[in-house]
Asker: 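I'd like to ask some things about the structure below.
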Amino acid sequence: MNTLEELKYYCEENQPVGAMLLTGEWGCGKTYLIDHDLKDALRDTYIIIRVSLFGLNSIDELKSDVKKEWISAWGAEKGVSQENSQKLNKVGNIAKKVFSTVGDCFPDTVKNIGNSILSVNIIDFISIAPVIENKKVILVFDDLERANMPKGDLLGCINDYCENQHFNTIVVANEEKINNVAIGEIPYEEIKEKIIQRTVRYIPDYAEIMKGIIKEMSCRNINYKKLLQDNIENITTIFSGTMVDGMSLDSLAIAQDRRYGSREEKEQEEQRRSLILKRRPHNIRSIKCALQDFERVYDRMSKERINCNEKWLWSYLTYVMAFRAGLLEENERYGTLLSDGNLSILYPGFYNSKYILQAVIRWIRTGEWNSEDIDAEIKYIIDRDKAMEPKDIVRTHRIIDIEEEVIERGFPEILQMAYNGELTIDEYVNFIQNSYLARTYQAPVPDIEWSKIQTGLKKKIDFLLQQGIEQSHTRMFISNDQKKYFTKDEWDTYELIRKLHEKSVLMFNRNRKRYVELMKENSGQAFSESHNKRFDYFSYEMAEVTAGAFQNEDNASKCVFPGYFEGMWEHYTSMPDVEIEKTVDGFKELKVRLERIYTEYEKRNLNIAAKHTEIFINVVNKLIEMEKCKVEDSLD
């Protein structure tokens, strides 16, 4: 007998000795089953009245809500309009108006009150009955675990409706959220035993649910709708945790690792797996959101002609379901070394980190859709999928996704490229991760000389700085939580990359380079454009071009030059990321050059130019003194 039949059988019982408990995890469709399937099945002979316990704070509030819902149901059976039915719930100070308009429609239990009510709630004077117009009334109390009152008092009140007022009563709850919780001095299980006649766990018809969800979806892209329709069985497996042939994903996940580790390790691992598998989500809202949101990813990848096939869909759905259920630890971040974690336990064969963009994972976690990051990663995916030569495959893939033969042929070439500074920054990150994975999985790779790797990486960084090339924020990174997996050499190498991006070195270099270029051409434009840009320090090269630009200006421009310079740099000690010592060294170099210019002007009796230069030197001295004050303050 299925769940619906069990509910119908209970509703048809005469004066049951206790309530029925319908339990199941959040979001699995329990309320939908009551409001639609059960109501439809019993429409002609029964009236279903459902009261939500979510957030209720007192028994009086509960009783009032029951009466209101009962009155609404009574009004619907009597044909009373919605407006008049609502008037039955008004307080006594409008009682006369209510009686004058809908008095003939009141239940017998309230007619004898007459016009004497002036300041009390009509609801208090209405008694409810388990029958309305020859139809049996079924009371349903939903969200038991979410009520804000003692469960003992709440269940006692519910029991009064069932035992004393003879209502067939159904309680709906996620019992796992209240199990083993003591209510006062009495454990929940003991109270449940006295009140609940029968417990039914709702196991939805997952296949029918998924068919209905996909059928009702309105997709902008007809190809995406077809992808979902073609994958209904697999989507249902992800949602239900059971394959088409009836085999549970639980057993498949456990079977995968039973052959590894000692007996004690296997027992600990299976215990951990068991706890995770018990929490596998079946939330309808989560799967709906995931199916709807993935269309955005599908559209973006399809525009770049990437085959966004079922593997991308599966990885996305599994990640969303696990994340929304709180089954991905907070230290599992987008772009981390091993993001599979619990996903490989919950969804073996469906989740594959190769088929989900790290920028999309960030979107799932933070709600931030960053088109720039997504486009850059898609480009990386295109390059990865084009890789045909062993070296290109090793360069762009995780080593654990590659065949040993390809590793043996390709890794030595990649190693030499890393030594030579020929990899991209992201490829260096991938290389560092692959070093760990090769060690963990005993992959066939040659020894790595990390001093040479660091030399090559520095060479690459210097090239980027010299060219003024700013690679957009790295799409691959390793979180600090993963540091424990790496050797000191591996992590020191990664630190070079982390500092490059965290300190915006490339951006600072580009800004300095632009300052130099403009100062050689037009000092006014240089000050105007650079005034609000960020710099990490004032360099020797900047000092050289600044002194040269000042010297080449006429006296009118020399007059305002020092003020512009001071306005640009007077707040440098409070600037984020500024390297004060290097900046002061740059100022000192500028001062030396200006003093040479001043001496030359004096020799040539160019007194006005010399005075402008003296003013500029004083400005530079002031900026240098600011550092001394800062150092003294820090000592105090």
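Only heavy atoms go into these numbers, but all of them, side chains included; no hydrogens, no water, no symmetry mates.
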Asker: Taking Q197 for its side chain and A19 for its backbone only, find out whether a donor-acceptor pair lies under 3.5 Å.
Answerer: no
Asker: Would you check if the side chain of Q433 reaches a backbone N or O of N430 as a donor-acceptor pair within less than 3.5 Å?
Answerer: no
Asker: Would one find more than 12 heavy atoms of other residues, nucleotides or ligands at under 6.0 Å from atom CG of L275?
Answerer: yes
Asker: Quick one: are Y46 and E12 in side-chain contact, heavy atoms under 4.5 Å?
Answerer: yes
Asker: Please walk me through it: do R439 and E490 pass salt bridge (Lys or Arg N to Asp or Glu O under 4.0 Å)?
Answerer: CA-CA 12 Å; R439 182 171 63 255; E490 290 168 345; 2.7 Å; yes
Asker: State which residue, out of V131, I132, L139, fulfils the side-chain contact (heavy atoms from CB on, under 4.5 Å) condition with I47.
Answerer: I132
Asker: Does a sphere of radius 6.0 Å around CZ in R285 hold more than 12 heavy atoms from other residues, nucleotides or ligands, not counting ones at 6.0 Å or beyond?
Answerer: no
Asker: Taking side chain as C-beta onward, heavy atoms only, is N134 less than 4.5 Å from T45?
Answerer: no
Asker: Using 30° and 60° as the class boundaries, would you call the ring planes of F431 and F411 parallel, tilted or perpendicular?
Answerer: parallel
Asker: Between L154 and L56, does a side chain to side chain contact (heavy atoms under 4.5 Å, CB included) hold up when you go through it step by step?
Answerer: CA-CA 10 Å; L154 180 57; L56 287 187; over 6 Å; no
Asker: With heavy-atom distances below 4.5 Å as the criterion, would you say the side chains of Y161 and I128 are in contact?
Answerer: yes
Asker: So, the side chain of H166 versus the backbone of P130: is there a donor-acceptor pair under 3.5 Å, distance only?
Answerer: no
Asker: Any idea how F239 and H282 line up, ring-wise: parallel (<30°), tilted (30 to 60°), or perpendicular (>60°)?
Answerer: perpendicular
Asker: Give the C-alpha distance, both sets of side-chain angles, the deciding distance and a yes or no for side-chain hydrogen bond (donor to acceptor under 3.5 Å, both in side chains) between N352 and S315.
Answerer: CA-CA 6 Å; N352 187 331; S315 293; 5.8 Å; no
Asker: For side chain to side chain contact (heavy atoms under 4.5 Å, CB included), just list the numbers for V172 and Y202, CA-CA rounded to whole Å, side-chain angles, deciding distance to a tenth of an Å, and then say yes or no.
Answerer: CA-CA 10 Å; V172 182; Y202 178 46; over 6 Å; no
Asker: So does R398 pair up with D401, basic N to acidic O under 4.0 Å?
Answerer: yes
Asker: Can you check whether V297 reaches W312 side chain to side chain, under 4.5 Å on heavy atoms?
Answerer: no
Asker: For the ring-ring contact (aromatic ring centres under 6.0 Å, His included) test, which of F350, Y351, Y319 pairs with W314?
Answerer: F350
Asker: In the structure I gave you, are the side-chain heavy atoms of E368 and R362 within less than 4.5 Å of one another anywhere?
Answerer: yes
Asker: Side-chain contact, heavy-atom cut-off 4.5 Å: L42 with C11?
Answerer: yes
Asker: Under a 4.0 Å threshold between the charged nitrogen and the carboxylate oxygen, would E13 count as salt-bridged to R198?
Answerer: yes
Asker: Go through K135 and E77 one step at a time and tell me if the salt bridge (Lys or Arg N to Asp or Glu O under 4.0 Å) criterion holds.
Answerer: CA-CA 9 Å; K135 288 186 178 180; E77 287 298 314; 3.6 Å; yes
Asker: Around K30, counting heavy atoms of other residues, nucleotides and ligands shown, do more than 12 lie under 6.0 Å from its NZ?
Answerer: yes
Asker: With a 6.0 Å cut-off (strictly less than), is the heavy-atom count around CD of E233, excluding the residue itself, greater than 12?
Answerer: no
Asker: Counting only heavy atoms from other residues, nucleotides and ligands, does the tally under 6.0 Å from CD of E405 exceed 12?
Answerer: no
Asker: Report the C-alpha separation of K379 and D375 in whole Å, then their side-chain angles, then the decisive distance to 0.1 Å, and conclude whether the salt bridge (Lys or Arg N to Asp or Glu O under 4.0 Å) test is met.
Answerer: CA-CA 6 Å; K379 183 179 181 300; D375 290 348; over 6 Å; no
Asker: How about S302 and N223: do any of their side-chain heavy atoms sit closer than 4.5 Å?
Answerer: no
Asker: Starting from the C-alpha separation in whole Å, work towards a yes-or-no answer on side-chain hydrogen bond (donor to acceptor under 3.5 Å, both in side chains) for N221 and E295.
Answerer: CA-CA 8 Å; N221 190 320; E295 184 176 7; 5.7 Å; no
Asker: Check whether more than 12 heavy atoms from other residues, nucleotides or ligands sit under 6.0 Å from atom NZ of K225, and answer yes or no.
Answerer: yes
Asker: Show every salt bridge (Lys or Arg N to Asp or Glu O under 4.0 Å) that has at least one partner inside residues 301-328, sequence neighbours left out.
Answerer: R300-E304
Asker: Test your reading of the model: is there a side-chain donor-acceptor pair from N231 to the backbone of L227, 3.5 Å cut-off?
Answerer: yes
Asker: Parallel, tilted or perpendicular: which fits the ring planes of Y436 and F486, with parallel below 30° and perpendicular above 60°?
Answerer: tilted
Asker: Do NZ/NE/NH1/NH2 and the carboxylate oxygens of R296 and D299 come within less than 4.0 Å?
Answerer: no
Asker: Is N342 reaching over with its side chain to a backbone N or O of L327, donor-acceptor style, under 3.5 angstrom?
Answerer: yes
Asker: Quick check against the 3.5 Å criterion: does T199 have a side-chain atom that pairs as donor or acceptor with the backbone of L21?
Answerer: no
Asker: Do D142 and V51 have side chains that get closer than 4.5 Å, going by heavy atoms?
Answerer: no
Asker: With no hydrogens and no angle check, is any side-chain donor or acceptor of T440 less than 3.5 Å from a backbone partner on A438?
Answerer: no
Asker: If we ignore hydrogens and angles and just use 3.5 Å, is the side chain of E175 paired with the main-chain N or O of T23 as donor and acceptor?
Answerer: no
Asker: Could you walk me through whether V171 and V140 satisfy the side chain to side chain contact (heavy atoms under 4.5 Å, CB included) test, starting with their C-alpha distance in whole Å, then the side-chain angles of each, then the deciding distance to 0.1 Å, before giving a yes or no?
Answerer: CA-CA 6 Å; V171 179; V140 178; over 6 Å; no
Asker: Kindly check if the number of other-residue, nucleotide or ligand heavy atoms within 6.0 Å of NZ (K354) is above 12?
Answerer: yes
Asker: What distance do I400 atom CD1 and N434 atom CG have between them, rounded to the nearest 0.5 Å?
Answerer: 8.5 Å
Asker: Would the distance check show the side chain of N370 and the main-chain N or O of A359 forming a donor-acceptor pair, the cut-off being under 3.5 Å?
Answerer: no
Asker: Once you round to the nearest 0.5 Å, how far does CD1 of I170 lie from CD1 of I48?
Answerer: 6.0 Å
Asker: Quick one: does E163's side chain have a donor or acceptor within less than 3.5 Å of a partner on N159's backbone?
Answerer: no
Asker: Please test I399 against V394 for side chain to side chain contact (heavy atoms under 4.5 Å, CB included), starting from the C-alpha separation and ending with a verdict.
Answerer: CA-CA 7 Å; I399 208 166; V394 174; 5.5 Å; no
